[in-house]
Amino acid sequence: MIELQDFSVSFKSGTALRQASLAIRPGDRTGIVGESGSGKTMLAMSLMGMAPAAADLSGKLVLDGRDMTGADDRGWEALRARKVAMIFQEPMTALNPLRRVGDTVMDPLRLHLGLSKAEARARALALFEEVGIPSPVERLRQFPHELSGGQRQRVVIALALACDPELLIADEPTTALDANVALRIIDLLVRLAEERQMALLFISHDLAAVARATRDIVVMYGGDIVERGPTAEVLTTPRHPYTQGLLGARPNPVAEPRGADGKRPRLPTIPGSVPTLQDLPSGCRFSGRCPVELPVCAGTRPGSTLISATRLANCHALKQEVSA
Amino acid sequence: MKTRLPVNFLIGAVLVALVLGAAALSLVWTPHDFAQMNIKAKFGPASSTYWLGTDQLGRDVVSQLMAAARNSMTVALAAVLIGGSIGTALGLLASAIGGWVEDLVMRIADIGFAFPALLFAIMLAAVFGPSLTNAVLAISFINIPVFARVARASANQVWTREYVAAAQAAGLNRAVISWDHILPNIGAAIIVQATIEFAVAILAEAALSYLGLGAQPPAPSWGRMLSEAQTLMYLAPQLAIYPGLCIVAAVLGFGLLGDGLRDITDPRLSRER
Amino acid sequence: MGYFLFRRTLGFVLTLFAVSVVVFAVMNVLPGDPALTILGLDATEDALAALREQLGLNDPLLTRYVHWVWNALHGDFGISHSFGIPVAGLIGERLPMTISLAVSGMIFTVILALVMGIGAAANHRKPGDWGMMFISQLGIAIPAFWLSMLLVLLFAVKLRWLPPGGFAGWDDPVAAMRSLILPTVALALVQSSVLARVTRSSALEVMRQDFVRTARATGFSRRRILWRHVLPNALVPIVTIVGMQFAALVTGTIVIENVFYLPGLGRLIFQSISNRDLPTVQALVMLFAAIVVTANFIVDLLYVVIDPRLKARA
């Protein structure tokens, strides 16, 4: 349904997304993880046709059987909301503060589906019920500042679902929420995806959230996809050195008991920091920070290595290990 | 490190230099005596003697424009100095004392905003008769609340800094701190505001003189030249052009210079303006 | 909400009171003898004494102030010396002229500024934006009275499309409208330059916000988002400036009426100054200051209408 083939996003200063290939089918729930600067948001925005104007797109981005790489605003506007929809990190600011939330949700219904005001209102009401907003009739008439963060995020989800999209992109949808509220929002997204046979692309740096929300995972670093496979497998037995570092850096107070001195062991961290766009190495993006780096890594980009029928990783060291 | 000066600053600086240069030059030299009438040469065209021609009384237009520049600069300078120093002092006072004094000063400043310079000048003119002094007073008066607000807002920020706390801990009183520490630190904001208000003052003087509430004949003023030219618009439309261009150049110059200075001193404030 | 209204209204009344004190003080307390001002230096002592009595100048200042305010609140601004009729009647006669000019100027200003400002923001960092910034920079620097003269030179003297000034009354509405075109344009071009810049920067600020991205993500075109989402949110700072500009516009009418010889309050003020008609000047200055204060008060109230978040806090 949605397919990226060698899709790249580059700027004058460097390449933010390098030859990404990805296919999303109806009902897929795919997570994208990576640090900031890994290109995961650029990937999401590209799928919405909302990459920055200065960006140079190449490769193939096939949506609904059409290559949208060179599509203009008008072409994208027709697909947004109906084919792909997106929810954002910050529910506090994602809604127009001067519009009643009901009107905001009714806007795309009236624009894209040509519903009358009454029809749109009935639809919005049903959507509010579907996403679990209590007393939806009253909520329709309220302004964003009158709702809690969790409720606002539910409104944003209702807005995204309004025109029955085939793919819902959620960009850090729970980062700004309380842990407790975040869990319920994740469960809501999973339920909606299953009930509607809708694909879900869940972007986060929170591995626990991704583990709960998705079946498959894509790990990104420096604009490259470095590892992919079923979420449970990748998170338990990571094979790419970056994924291993990322999981090691994850604070897990339960799994790591306190030492004899009462202190928790120091968190393993990945040495160094993500380079800026113009300083990215031309070969493997992770070279320079990688603990198992080979001489070949800095200059040559690693190809995909098949680990199992469903798992891939891009790493020179891993390739040697597997072929040996 | 070499920083590039903003374009508005450069254009403003050039225009201001031209206007100030003409005003300064008029102190020692003008092509002719600006008040020298020559009825035989009235409405003269531009020539090698009279570069921009002569007016209805045969006076040289260039000389009048230069003398009027001096008048305009003097009025603006006086008004900004008077209004600026009183306003800044009030703002510093309000910030230093705080509490109800601050509230009171700011409320009074708000009331000051209800009086555009024109209204104030009208009152003064009605009581004392129109004069350039009244115009200066009126423009000074409207500058007081403007500077009081800017000074207080910037001073309140400086009062929270550590070196001010240190000075207070050292037992310096608030008046001394205001003078030694606060004033130098709000200087940039005050100078930026003064440059912008300079432009406003030039515009106000021109309007007041045009309406007969400012410079009185034969004192040269761009505004007054325009009001004389208006009655002669069918005869000599060119006389209605030059003084206006001078006003625009001066106002534009100081306005751009002020914006440019603000860009340089506080890039945050002006990014998108 | 009630408390907010009460506080704002109280502030408004107090400001009006303070303004009336200032006007009264400048016109009455400053050294100078109004009777002498009115009658001139060659007046006889008897005539001066009689006029002082008539003006109530022999009463204590406080009594005179209270009288003035009390009467003014009842629509009595005293008798005009030069016209010999009540000032209130004079004002009533001239008010429609000034109001028509101010209102048409304001409408034109707002429309022009919104179109220019939003248009510039939509074309940010493109030639349209630069052009607007350049024109508005010029517009701010041009004195309204000179712009008026240029308009007269072009449209009245050269092209002879419109009258250069004067006003023949409302009996012929077409002629009346024609007389108002140039004054309105002169008033509005200068004012809208400031407003257009505020609109532009306010709109740019809003365009960076998340909900604009949300609207894009739901398939709305930039143009629709501009009018439906950006403009309403950009309106708060715009309304502030509009309030201040209405004040500037009303005093601007004083200048413009004098440029175009329009028989409004602005002309009346100047006639009164040259006739040394102090009660009329005092009443008119107070009226203009009151309009300015009222405009700012209305702006304060408008915020609450525009922004529902303020309603909750107010």
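These numbers come from the heavy atoms of this one structure, side chains and all, not from hydrogens, waters or symmetry mates. Chain A is the first sequence line, chain B the second, and so forth, proteins listed ahead of strands; every chain is numbered from 1.
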Out of Gly212(B), Ala207(B), Gly255(B), return the one with the most heavy atom pairs under 4.5 angstrom to chain C. Ala207(B)
Just verifying a value: how many Å separate Gln137(C) CD and Leu252(B) CG, rounded to the nearest 0.5 Å? 5.5 Å
Quick one: what part of Ile140(C) sits under 4.5 Å from any heavy atom of chain B, side chain, backbone, both or neither? backbone
Rounded to the nearest 0.5 Å, the CD1 atom of Ile122(B) sits from the CD atom of Gln282(C) at a distance of 13.5 Å
Against chain C, label Ala240(B) side chain, backbone, both or neither, depending on which of its atoms sit under 4.5 Å from a heavy atom there. both
Top residue by heavy-atom pair count (under 4.5 Å) with chain C, among Leu211(B), Leu203(B), Leu118(B), Ile111(B)? Leu211(B)
Which heavy atom in Met27(C) sits nearest to a heavy atom in Ala126(B), and how many Å separate them? CE-CB, 4.3 Å
Using non-hydrogen atoms only, which part of Pro116(B) is less than 4.5 Å away from chain C: side chain, backbone, both, or neither? side chain
Just do the side-chain contact (heavy atoms from CB on, under 4.5 Å) check on Ile247(B) and Trp146(C) with the steps written out, would you? CA-CA 9 Å; Ile247(B) 299 172; Trp146(C) 186 52; 5.7 Å; no
Whatever's closer than 4.5 Å to a heavy atom in chain B on Val281(C) counts as side chain
Contact origin within Ile142(C) toward chain B - heavy atom pairs under 4.5 Å: both
Under the side-chain contact (heavy atoms from CB on, under 4.5 Å) criterion, do Val285(C) and Phe120(B) qualify, and how do the steps go? CA-CA 8 Å; Val285(C) 169; Phe120(B) 211 77; over 6 Å; no
Could you tell me which portion of Leu245(B) (side chain, backbone, both or neither) has an atom closer than 4.5 angstrom to a non-hydrogen atom of chain C? both
Residues from residues 133-142 of chain B approaching chain C under 4.5 Å (heavy atoms): none
Correct closest heavy-atom pair for Ala289(C) and Leu119(B) would be N-CD1, 3.7 Å
Interatomic spacing from CZ in Phe24(C) to CE in Met123(B) - rounded to 0.5 Å: 13.0 Å
I'd like to know which of Leu14(C), Thr15(C), Thr251(C), Asn296(C) tops the heavy-atom pair count under 4.5 Å against chain B. Thr251(C)
Gln230(B) and Val259(C) have their tightest heavy-atom pair at NE2-O, 2.9 Å
Does any heavy atom of chain B fall under 4.5 Å from the side chain of Phe288(C), the backbone, both, or neither of them? both
Contact class of Ile241(B) relative to chain C, heavy atoms under 4.5 angstrom: both
